[in-house]
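The structure appears right after this line, and notes come after that.
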Amino acid sequence: MSKEINTLVDTLLQKMTIEEKVGQMTQVTLDLVLKGNVYEPEKPFVFDEDKLVNVLLQKHVGSILNVPTSEALTRQQWHYVVSTIQEKAMKDSRLGIPVLYGIDSIHGASYTQGATFFPHQIGLAATWNPALAKEQGAITAYETRASSIPWVFSPVQDIARNPAWSRIYETFGEDPYLSGEMGKAMVSGFEGDDISNFDKVASCLKHFVGYGMPLSGKDRTPAWIPEHYLREYFLPSFEAAMEAGAKTIMINSGEINGIPVHANKEILTTLLRDELGFEGLAVTDWEDIKYLHTRHRVAATQKEAVRMAIDAGVDMSMVPDDLSFCGHLIELVNEGAISEERLDISVRRILKLKYELGLFENPVLEEGANYDKFGSTEFLEKAKLAAAESITLLKNEDSILPISKDKKILVTGWAAESMPSLNGGWSYDWQGATSVEFAKGKTNLLQAIEDEAGKSNIVFSEGCKYDEVGNIEDAIEKAAGVDHIILCLGENSYTEFMGNVNDLDLPKAQIELAQAMIKTGKPVTLVLLEGRPRIISSIADKIGSILLGYYPGQEGASSISDIIFGKTNPSGRLPYTYPRYSNALMTYDHKHAEALELQGSEVPFYPQFEFGHGLSYTQFEYGNILLEKTTLAANEDLRFSFSIKNTGKRAGKEVAQVYIGDDYASITPPVKRLRAFRKIEIAAGEEQQLDFVIPMKRLAFVNVQNEWVLEEGTFKLMVGNLISKFELKND
Ligand code: BGC
């Protein structure tokens with residue numbers, strides 16, 4: 001903390017009553033100060049003066065979040081919202097402390113009309129290009145600040161280890177290293193060097209820690225994660241993003257090993273504070289203190305739930321819709337169950353952030369602030385570029401893609417006309433359903449294909465709904481007169497528990513349409529718009545080409561059609577393992593014993609598509625790996641190089657992925673782990689030399705004593721189709 005801010009915080013803290021301190025630790029949803037009922041505010045929304053007085057002046061609430069239900073606001077409306085709140089909180093109160101407004105700017109300033117929407121994080125991860133993540137963070141920060149909001153609940157640093165989970169698309173995928181590198185870049189884009197700048201925001205790492213592997217695959221259901229695995233697989237992506245300076249963190253709503261994380265002092269204080277040295281603000285997730293009582297049932301009363309969470313290390317409670325938290329916490333302090341010094345620790349962090357954001361001097365926007373790049377063509381082009389680099393060509397038999405524009409094409413499948421399937425959840429509203437209305441002028445997939453190939457070459461037949469059989473006969477009839485079929489399938493928008501599924505297979509109605517299209521004998525290109533890898537094994541082998549779009553955002557449709565018609569050479573690579581069977585949900589870094597070949601099984605590790613997979617319209621050839629040394633000590637760096645040649649006829653981007661496998665270890669080693677990567681562009685015929693330096697300590701694992709160790713022995717270095725060996729030996 002800078003000396004000056006330190007002094008300001010201390011001076012203010014000394015003046016504060018217990019009630020004012022507790023208020024700072026409270027965060028409510030915007031609806032709580034609007035006319036009407038919570039979650040059903042009057043429309044158009046209107047502030048309720050009595051509620052403003054109660055929340056801001058009587059309860060001294062320090063933070064507000066969210067958007068009125070299903071009502072993305074304009075920048076002007078946001079300005080009105082935040083300035084009304086700040087005026088009440090600052091002018092009419094004893095101490096004049098500004099409110100910290102927070103928002104889910106998830107793939108852009110996603111609650112502001114006219115903002116630039118990028119691909120969701122899973123697509124961003126598929127670019128394997130941290131520079132794009134930084135840019136996405138920077139533009140999102142600019143447009144969120146332009147909406148008068150200084151704090152975003154992003155990025156998600158959870159590691160997605162269960163493909164059924166409804167929040168896969170919000171993550172950077174299954175690998176800790178890829179997620180860490182992307183998250184680090186995104187945080188630096190959000191925050192820059194100084195978060196008081198009018199184009200920067202404070203970021204929030206979610207959801208600390210171990211949220212990404214619910215046993216049941218359903219959101220917020222229990223996880224069993226031994227501590228050594230928690231440290232080795234789930235912690236590093238958070239640590240990487242913390243290194244980039246992330247100012248805040250949000251806590252995992254779930255339970256690990258029977259302990260809800262919101263009540264876990266070992267995680268929230270011993271690990272996060274004492275060991276990792278994180279100094280920022282820790283906010284709960286939605287209603288999670290209450291859930292300690294009502295859902296997790298570790299607290300017999302609401303008041304006990306508050307005591308547990310504060311004792312565990314929570315700084316701010318996302319209450320979010322009633323103020324009982326304040327009363328309980330005040331009572332607990334007055335009774336001596338929680339000390340005032342404990343409150344001071346949290347309030348200090350909250351005030352510090354408010355000073356760092358410059359909210360005391362500029363609680364809303366700089367006078368006359370000019371944000372003329374908001375929603376600009378320049379920004380939209382960046383979003384298109386990110387989408388273009390994310391789209392992953394999973395299959396392209398006989399090079400049936402790209403399609404030449406003079407071909408007659410049938411576009412079929414409900415997703416072709418769906419805006420929610422481009423935007424996913426967290427788009428204009430929580431579940432993303434209002435994309436239909438707010439993104440009206442944007443181009444859907446069908447329109448993008450028509451724009452590119454000319455309307456006269458395209459026929460359309462919806463064929464099916466998400467999970468409802470449609471007029472397949474019409475699609476079959478129309479297919480008779482075309483040269484190529486583009487089949488657009490996938491998922492609607494959803495998030496959290498609303499996206500839970502009992503079956504990971506793509507719904508039957510969609511599979512039926514696909515089978516009918518395959519039967520026509522015409523070349524079929526499957527375009528998948530989906531938040532998680534829905535199983536397609538019953539059709540994948542019979543379909544010529546498959547493009548995975550993830551949720552590319554409302555600018556992404558033209559990026560897909562550019563790939564279909566060859567304007568763009570695809571360069572996305574899978575950030576997760578695409579499963580083939582619903583009972584074979586393995587990650588790429590599985591154990592040797594999981595790849596059941598060793599036990600003679602006929603169903604070994606055999607995913608539909610492997611982590612890191614993705615094709616190009618050109619070909620790349622890897623030269624030999626040259627290792628500087630083949631025997632190294634633990635404190636040394638592994639240095640090596642190899643070449644990649646573009647042997648095809650057009651320029652392309654390749655992602656060099658470096659995997660290392662430990663041959664033997666005291667905890668069963670995974671077959672391989674991603675240890676480095678680099679995305680490069682190579683001209684046709686060009687050969688590039690790549691040098692890598694990997695500190696040996698990156699190859700360490702966590703033993704059962706929960707310590708990082710690097711054991712002597714031999715390792716395999718794998719790049720493309722090449723394998724080299726080296727040895728770790730301490731003399
Ligand atoms: C989600 C968070 C989100 C928060 C605030 C929660 O339900 O889990 O990711 O940031 O709501 O909207």
Side-chain angles (χ1 to χ4, degrees), residues 26-32 38-39 63-73 100-112 120-122 140 144 147 149-160 165-172 183 186-187 190 201-214 218-221 223 237-238 241 246-255 260-262 280-292 294-296 314-321 424-432 493-500 531:
T26 309
Q27 185 185 56
V28 300
T29 184
L30 178 64
D31 285 14
L32 218 62
V38 184
Y39 310 125
S63 181
I64 298 187
L65 85 156
N66 225 350
V67 62
T69 313
S70 302
E71 258 201 48
L73 304 186
L100 177 60
Y101 207 102
I103 198 84
D104 289 293
S105 281
I106 300 298
H107 59 128
S110 40
Y111 282 135
T112 305
H120 271 284
Q121 266 183 232
I122 198 68
T140 303
T144 305
S147 315
I149 300 174
W151 185 24
V152 297
F153 304 132
S154 176
V156 170
Q157 291 306 106
D158 300 314
I159 303 302
W165 188 36
S166 54
R167 305 193 75 171
I168 295 283
Y169 74 88
E170 297 178 55
T171 73
F172 287 123
M186 201 159 180
V187 166
F190 280 137
V201 291
S203 64
C204 185
L205 311 180
K206 300 195 303 193
H207 305 77
F208 192 76
V209 59
Y211 185 34
M213 200 175 67
K218 307 274 169 57
D219 189 41
R220 290 171 161 88
T221 55
S237 55
F238 282 92
K247 296 286 176 193
T248 75
I249 206 160
M250 191 184 289
I251 300 162
N252 168 9
S253 291
E255 61 169 80
V261 181
H262 282 80
L281 151 65
V283 62
T284 73
D285 202 341
W286 192 267
E287 217 172 323
D288 270 310
I289 295 186
K290 283 187 157 184
Y291 289 149
L292 294 179
T294 56
R295 185 183 283 175
H296 297 294
V314 163
D315 292 320
M316 182 183 279
S317 168
M318 189 186 287
V319 176
D321 58 18
W426 305 109
S427 302
Y428 302 106
D429 70 294
W430 179 42
Q431 294 297 321
S493 64
Y494 56 81
T495 186
E496 302 184 53
F497 69 91
M498 305 278 276
N500 286 343

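Read the numbers this way: they start at 1 and go in the same order the structure lists the ligands and their atoms.
- Between F497 and W430, the angle of the ring planes lies from 30° to 60°, which puts this pair in the tilted group.
- Interface atoms of ligand 1 facing R167, defined by a heavy-atom separation under 4.0 Å, are 1 (C), 2 (C), 8 (O), 9 (O).
- Close contacts of ligand 1 with H207, meaning ligand atoms under 4.0 Å from a residue heavy atom, involve 2 (C), 8 (O), 9 (O).
- Residues Y39 and D321 bring a donor and an acceptor atom of their side chains to less than 3.5 Å of each other.
- If you number the atoms of ligand 1 from 1 as listed, the ones under 4.0 Å from a heavy atom of M250 come out as 2 (C), 10 (O).
- Heavy-atom distances between Q27 and ligand 1 stay at or above 4.0 Å for every pair.
- Between the side chain of D104 and the main chain of I106, no donor-acceptor pair closer than 3.5 Å is present.
- Two rings, from F238 and F208, have their centers less than 6.0 Å apart.
- At under 3.5 Å, a nitrogen or oxygen of D285, whether backbone or side chain, sits near a nitrogen or oxygen of ligand 1.
- Scanning all protein heavy atoms for the shortest distance to atom 12 (O) of ligand 1 gives D104 OD2, 2.4 Å.
- Numbered from 1 in the order shown, with element, the atoms of ligand 1 that lie under 4.0 Å from a heavy atom of R220 read 1 (C), 6 (C), 7 (O), 8 (O).
- Without hydrogens or angle criteria, N500 side chain to D219 main chain gives a donor-acceptor distance under 3.5 Å.
- Below 4.0 Å from some heavy atom of L65 lie the following atoms of ligand 1, by number and element: 5 (C).
- With sequence neighbours excluded, no residue forms a side-chain hydrogen bond (donor to acceptor under 3.5 Å, both in side chains) with S493.
- With ring centers used as reference points, H120 lies under 6.0 Å from Y169.
- Contact atoms of ligand 1 toward E496: 1 (C), 6 (C), 7 (O), 8 (O) (distance under 4.0 Å to a heavy atom of the residue).
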